[in-house]
There are 2 protein chains.
Amino acid sequence: MDSREEKAVTISTVAKEAGVSMATVSRVVNGNPNVKPATRKKVLEVIDRLDYRPNAVAQGLASKKTTTVGVIIPAVTNVYFSSLARGIDDVASMYKYNIILANSDGNHQKEIQVLNTLLAKQVDGIIFMGHNLTDELRAQFKRAKIPIVLAGSVDQKDEVESVHINYVEAVESAISNLINHGNKRIAFVSGPLSDPINGEYRLKGYKNVLAKNGIEYDPSLVFETDYRYRSGEVLWPALASARATAAFVADDELAAGVLNGARDAGAKIPDEFEVITSNNSKLTEIVRPQLSSITQPLYDIGAVSMRFLTKMMNKEESTQKTIDLPYGFIKRGSSK
Amino acid sequence: MDSREEKAVTISTVAKEAGVSMATVSRVVNGNPNVKPATRKKVLEVIDRLDYRPNAVAQGLASKKTTTVGVIIPAVTNVYFSSLARGIDDVASMYKYNIILANSDGNHQKEIQVLNTLLAKQVDGIIFMGHNLTDELRAQFKRAKIPIVLAGSVDQKDEVESVHINYVEAVESAISNLINHGNKRIAFVSGPLSDPINGEYRLKGYKNVLAKNGIEYDPSLVFETDYRYRSGEVLWPALASARATAAFVADDELAAGVLNGARDAGAKIPDEFEVITSNNSKLTEIVRPQLSSITQPLYDIGAVSMRFLTKMMNKEESTQKTIDLPYGFIKRGSSK
DNA sequence: AGCAAAAATGCAAGCGTTTCAAGAAAAAAG
DNA sequence: CTTTTTTCTTGAAACGCTTGCATTTTTGCT
């Protein structure tokens, strides 16, 4: 009930007021069992009365743990990534971790820079989402000496832990649907092929399934662009002149663009042109016709990544470096 | 070039190695001008050689500034909020602040809890996005003793600083378009009316403009729901039976739902039914027909909020408590 | 009641910076 | 070449907490 509001109340204020040592207060704050119930009660009472809140910065300095993890994300506004982020955040708060969210714009320079400020802030771990894991980044990760996991991304060199689906197989399975309807000229539309997930994995799935069905691979059916809706929207003329009868698209926004571009130009979907996409974000149900899509557990990829990270931060042994989550395919109006 | 990799390099390592005191190292790290150029150079060289990175936690404890701000957001996956977040993040990193992102689910309990952990982490300021600023929250804000600004939200009691548009006028102007086409029965579709932005501001705009045009207010045209796409989609039967010829919708996802629900049921848009929405997020251009919308500078609202916050954290005096950004209206295919 | 073992508590040394009063060095002035 | 000023640099005390170790109190047994 004292009203000298000025001085912030610290652990020592509480200690004095309760007539115990700081160590004891620290113990009750941290739920250490070695405290006599009566003492605990007394301390708790004072904490409550003084409205004491431990200073997390000081705790972090003393204990060398900040209960904070860094999350590097190419773009918060992208549904794919924000869905992952959602899963990450939920699990993080479940385990009492906070998240420092850092936008990288998918820009290599920024990724490096942001990584460094996260390290300076002494985060206990990092979740990285990105299109392309460069050697430099991999090197910096190694120097970091804290656990890092990739969410919804893959490390070609398999050096850093990651959570994702099997992109090669997922694409094979999705495109085989298209082939089964008799499509011979199927376009492959994606962001930069320099991003391994496109140029390496998805493209491989595409080629595999073509080969398996005796269709020759035609490079003129591969359309490399960026991840923007608009880029898909303007693609129709090119698609049409390549005589594509269907398209597999590697990103939902991009796919929505392709779909709308085609429809706006008068193409009948799915009769004259089919399109399927990759991420099954809520966008797929908002467009008309709705987009058939590879399904992948976006929220879970985020959640599992974070769970994985907590285990690593806890130094629990784990046998696997990579977690493959299940994928599927859902047929909607945009394909036959 | 010493290779005793074990011990982390701290300011004192650098000091010894460079033959100066910690204080001096601290000065060069912080760009304090009171350092002889020769000394600065020498220290910088050592810093570089030892690859020293200041520990932000220790800095935070000593300086009582963490260069971190908390951002409370109802849902990262919602385009409206993630657009604001984008603006916030950009300006934050421009001013060297990091962001601790905390999801609140728009849940009051969580908002309070999250606020407390942010305070424990000693953030220098907070940006709050939320649907409803309760008295309890307002009280906690006051206790916090750090600057807080509301982004894209309003404080009915005008006690906490905020950045937004004039929702009443924006709605008036948008709906007057509908009235000009002869619509007499215009539905008002929004999330919970208990959220002031709906029940207070937007609804007031709706009533105002009706009154101004001599149309009687009919409560049966007010549809209160939540912010989900699906909720809009299933609304059509109710809309139809209320004989609404147009709808003003308070959220883009919701509006996309209303639009698709109507179309899927065979309504001709905009001939038989018009719909306009409120946030002009990219969703509005992805649906067909595209959604006419109130325009508001989402990114800017976030950016300006953050800028505002930096000024407050700097204790720069500011005359205004509230910043009104300009709004507009863009006509697209969903209205005549 | 007496004693060893177990349980509680306290002491104080960190954790890695910043910062301020004070001293040392350099520059300017006489 | 002194004496003043001005510019740099240093030492050491915070900042608010955790934690290993020592000490004290309790408990359980004889």
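Side chains are part of it too, since the values below use all heavy atoms of this structure and drop only hydrogens, waters and symmetry mates.
- Phosphate contact (OP1/OP2 of D:dT10, side-chain N/O of B:Ser21, threshold under 4.0 Å): present.
- A straight line from NZ of A:Lys16 to P of D:dG16 spans 12 Å, rounded to a whole angstrom.
- Using a 4.0 Å cut-off between charged nitrogen and carboxylate oxygen, A:Glu17 and A:Arg49 count as a salt-bridge pair.
- Residue A:Val20 is classed as a sugar-phosphate contact, given heavy-atom separations below 4.0 Å to backbone atoms only.
- Residue A:Val29 is out of contact with every strand shown, counting any heavy-atom pair closer than 4.0 Å.
- Distance alone, capped at 3.5 Å, places no donor-acceptor pair between the A:Asp300 side chain and the A:Ala303 backbone.
- In A:Lys42, the NZ atom is crowded: over 12 heavy atoms of neighbouring residues, nucleotides or ligands sit closer than 6.0 Å.
- Atom-to-atom, CG of A:Leu61 to C1' of D:dA14 comes out at 13 Å; the value is rounded to the nearest Å.
- At a threshold of 4.0 angstrom between heavy atoms, the contacts of B:Ser12 with the nucleic acid are absent.
- Using a cut-off of 4.0 Å between Lys/Arg side-chain N and Asp/Glu carboxylate O, A:Asp155 and A:Lys321 are scored as not salt-bridged.
- The shortest non-hydrogen separation linking A:Val160 to A:Leu150 is CG2-CG, 3.6 Å.
- Using modelled atom types, one side-chain atom of A:Ser153 and one backbone atom of A:Ala151 make a donor-acceptor pair closer than 3.5 Å.
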Protein proximity profile, nucleotides 19-26 of chain D - base contact B, sugar-phosphate-only contact S, no contact -, cut-off 4.0 Å on heavy atoms:
BB------
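- Scanning for ring pair (Phe, Tyr, Trp, His ring centres under 6.0 Å) contacts around A:Tyr227 gives A:His131, with sequence neighbours left out.
- Near DNA chain D, meaning a heavy atom under 4.0 Å away, there are no residues from residues 53-60 of chain B.
- Comment: B:Arg138 engages B:Asp135 in a salt bridge, judged by a side-chain N to carboxylate O separation of less than 4.0 angstrom.
- Summarising the geometry, the separation between NZ on B:Lys42 and P on D:dC8 is reported as 14 Å, rounded to the nearest angstrom.
- A salt bridge does not link B:Asp90 to B:Arg307: none of the charged side-chain nitrogens sits closer than 4.0 Å to a carboxylate oxygen.
- C:dA6 atom C1' lies 10 Å from atom CG of A:Asn34, rounded to whole Å.
- Note: CD1 (B:Ile47) to P (C:dT17) measures 10 Å, nearest angstrom.
- B:Ile11 places its CD1 atom 14 Å from the C1' atom of D:dG11, with the value rounded to the nearest Å.
- Scanning both residues, A:Leu84 and A:Leu298, for their nearest heavy atoms gives CD2-O, 3.0 Å.
- Residues from residues 112-126 of chain A lying near DNA chain C, meaning a heavy-atom separation below 4.0 Å, are absent.
- The only member of B:Asn103, B:Ile100, B:Ile72 that meets side-chain contact (heavy atoms from CB on, under 4.5 Å) when paired with B:Val114 is B:Ile72.
- In plain terms, the two heavy atoms of A:Glu111 and A:Asn132 that are nearest each other are OE1-O, 4.3 Å.
- Remark: P of D:dC15 and NZ of B:Lys64 are 7 Å apart, rounded to the nearest angstrom.
- Taken over five-pair windows at either terminus, the axes of the helix from C:dA1-D:dT30 to C:dG30-D:dC1 are inclined to one another by 30° (rounded to 10 degrees).
- Here the closest non-hydrogen pair linking A:Val29 and A:Pro54 is CG1-CG, 3.8 Å.
- The phosphate of D:dC8 has neither OP1 nor OP2 within less than 4.0 Å of any side-chain N or O from B:Thr39.
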Would you give me the side-chain donor-acceptor pairs under 3.5 Å for residues 118-130 of chain A, sequence neighbours excluded?
unit_1, atom_1, unit_2, atom_2, d
A:Lys121, NZ, B:Thr66, O, 3.0
A:Lys121, NZ, B:Thr67, O, 2.8
A:Lys121, NZ, B:Thr67, OG1, 3.2
A:Lys121, NZ, B:Thr68, OG1, 2.8
A:Lys121, NZ, B:Asn98, OD1, 2.9
A:Asp124, OD1, A:Thr66, N, 3.1
A:Asp124, OD1, A:Thr66, OG1, 3.3
A:Asp124, OD2, A:Thr66, N, 3.2
A:Asp124, OD2, A:Thr67, N, 2.7

